[in-house]
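A quick write-up on the structure given underneath.
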Amino acid sequence: MLLASLLFALQMLCLAAVAAAWDTPARMPVIFGLLGLFTILTVGAVIHLRRLLRARAPVLGAVRREWELDRRILLRLLSGERDPEITTVQQGVTDEAVA
């Protein structure tokens, strides 16, 4: 609701700026100025979003690693290999801490 209200207020401010300059020679500079402003804001938002997406951790990365280990263990068990080595991956935990 807050976002919708802010967008509506921004639209009304832009409309008021265009309406105030409508019968003046500044009508087109105001319109193009608003276009330029929103273009710059959009490019800045896209750049910021791309940086955030590059910096984020992969979704369910730990689960993906555990499933890969489980898949390997199951393949060893199904292939008939005896006594497969079962290990787990824990982030930030050393082997000494687990033992």
Would you be so kind as to tabulate the donor-acceptor pairs closer than 3.5 Å made by side chains of residues 31-45, with sequence neighbours excluded?
{"unit_1": "T39", "atom_1": "OG1", "unit_2": "L35", "atom_2": "O", "d": "2.7"}
{"unit_1": "T42", "atom_1": "OG1", "unit_2": "F38", "atom_2": "O", "d": "2.7"}

Taking atom [atom1] of [X] and atom [atom2] of [Y], what is their separation to the nearest 0.5 Å?
X   : Y   : atom1 : atom2 : result
R65 : L60 : CZ    : CG    : 10.5 Å
L77 : R72 : CG    : CZ    : 14.5 Å
L75 : D70 : CG    : CG    : 11.0 Å
E66 : R71 : CD    : CZ    : 14.0 Å

Can you list, pair by pair, the side-chain donor-acceptor contacts under 3.5 Å of residues 5-25, counting residues two or more places apart and other chains?
{"unit_1": "S5", "atom_1": "OG", "unit_2": "M1", "atom_2": "O", "d": "2.9"}
{"unit_1": "T24", "atom_1": "OG1", "unit_2": "A21", "atom_2": "O", "d": "2.8"}
{"unit_1": "T24", "atom_1": "OG1", "unit_2": "A26", "atom_2": "N", "d": "3.2"}

Item checked: salt bridge (Lys or Arg N to Asp or Glu O under 4.0 Å) against R27, all qualifying residues, sequence neighbours excluded -> none
